[in-house]
**Student:** 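Pasting in a structure now, in structure tokens, and then I'll have a few things to ask.
Everything numeric here is computed off the predicted structure, so don't read it as measured data.
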Amino acid sequence: MHCPFCRHPDTRVVDSRSTEDGGAIRRRRTCPACGRRFTTQETVLLMVSKRSGVTEPFSREKVIAGVRRACQGRPVGEDSLAQLGQKVEETIRATGAAEIPSHDVGVAVLGPLRELDEVAYLRFASVYRGFETLADFEAEIEQLRGARADAGER
């Protein structure tokens with residue numbers, strides 16, 4: 001690790017701590033050349049493989065942007081979108097895989113979005129699952145009604 005102040009090629013770790021969610025490690029470092037201290041944060045890089053074969057780093061912001069489009073005109077706040085993005089990232093990281101297919105990211109979005117707003121869920125699912133006819137919408141609405149009825153029985 002290069003010192004950000006003097007660019008010395010070697011620094012010493014003084015203290016290491018796991019962040020509150022355990023997804024990253026904060027390290028306090030010192031430079032033997034200039035004596036200055038600085039903090040680094042290490043996170044595991046999660047990659048998403050797309051259908052085209054391209055891989056790119058997972059982006060919570062990209063997930064939120066996609067869900068925001070589905071929620072357009074709906075009573076869904078930015079805080080709710082941020083929480084949904086966090087849930088999706090936690091779900092994906094819990095798999096333990098370093099690379100995850102984009103399909104699995106979409107699946108991870110559907111559950112929390114269904115709980116957040118059913119209309120936004122239908123919008124997202126129609127694009128994600130490629131609905132082509134009204135029958136596709138009707139089948140999904142029937143599943144939503146069935147899930148709601150099951151939840152009401154409990």
**Student:** Look at the side chain of Y128 and the backbone N and O of H103, then say whether any donor-acceptor pair between them is shorter than 3.5 Å.
**Tutor:**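 Side chain of Y128 to backbone of H103: a pair is present.
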
**Student:** With a cutoff of under 4.5 Å between side-chain heavy atoms, which Ile, Leu, Val, Met, Phe, Trp and Tyr residues group with L45?
**Tutor:**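 Noted: L45 shares its cluster with M47.
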
**Student:** Output all residues satisfying side-chain contact (heavy atoms from CB on, under 4.5 Å) with E115, sequence neighbours left out; order by chain, then residue number.
**Tutor:**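 With sequence neighbours excluded, E115 shows a side-chain contact (heavy atoms from CB on, under 4.5 Å) to K87, given in chain and number order.
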
**Student:** More than 12 heavy atoms of other residues, nucleotides or ligands under 6.0 Å from CZ of R129: yes or no?
**Tutor:**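 For R129, atom CZ is crowded (more than 12 foreign heavy atoms under 6.0 Å).
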
**Student:** Identify, with sequence neighbours excluded, every residue that meets side-chain contact (heavy atoms from CB on, under 4.5 Å) alongside A97.
**Tutor:**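 Residues passing side-chain contact (heavy atoms from CB on, under 4.5 Å) with A97: T95.
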
**Student:** May I ask you to decide if M1's main-chain N or O and T11's side chain share a donor-acceptor pair within less than 3.5 Å?
**Tutor:**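 Yes; at least one donor-acceptor contact below 3.5 Å.
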
**Student:** In terms of side-chain heavy atoms, does T39 have a donor or acceptor partner in R28 at a distance below 3.5 Å?
**Tutor:**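 Yes - a donor-acceptor pair under 3.5 Å links their side chains.
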
**Student:** Under the criterion side-chain contact (heavy atoms from CB on, under 4.5 Å), I'd like the reasoning laid out for R27 against Q41: C-alpha separation, chi angles, the key distance, then a yes or no.
**Tutor:** CA-CA 6 Å; R27 298 194 194 280; Q41 185 163 331; over 6 Å; no

**Student:** Are F131 and T133 side-chain neighbours, meaning at least one heavy-atom pair lies under 4.5 Å?
**Tutor:**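 No. Closest side-chain heavy atoms not under 4.5 Å.
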
**Student:** With the side chain counted from C-beta on, respond yes when R37 and R29 share a heavy-atom pair under 4.5 Å apart, and no when they do not.
**Tutor:**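 No, too far: nothing below the 4.5 Å cut-off.
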
**Student:** So does E132 get a backbone contact from the side chain of D136, meaning a donor-acceptor N/O pair under 3.5 Å?
**Tutor:**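 Side chain of D136 to backbone of E132, a donor-acceptor pair under 3.5 Å: yes, one is there.
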
**Student:** Kindly check if the number of other-residue, nucleotide or ligand heavy atoms within 6.0 Å of CZ (R74) is above 12?
**Tutor:**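 Atom CZ in R74 is crowded, with more than 12 foreign heavy atoms closer than 6.0 Å.
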
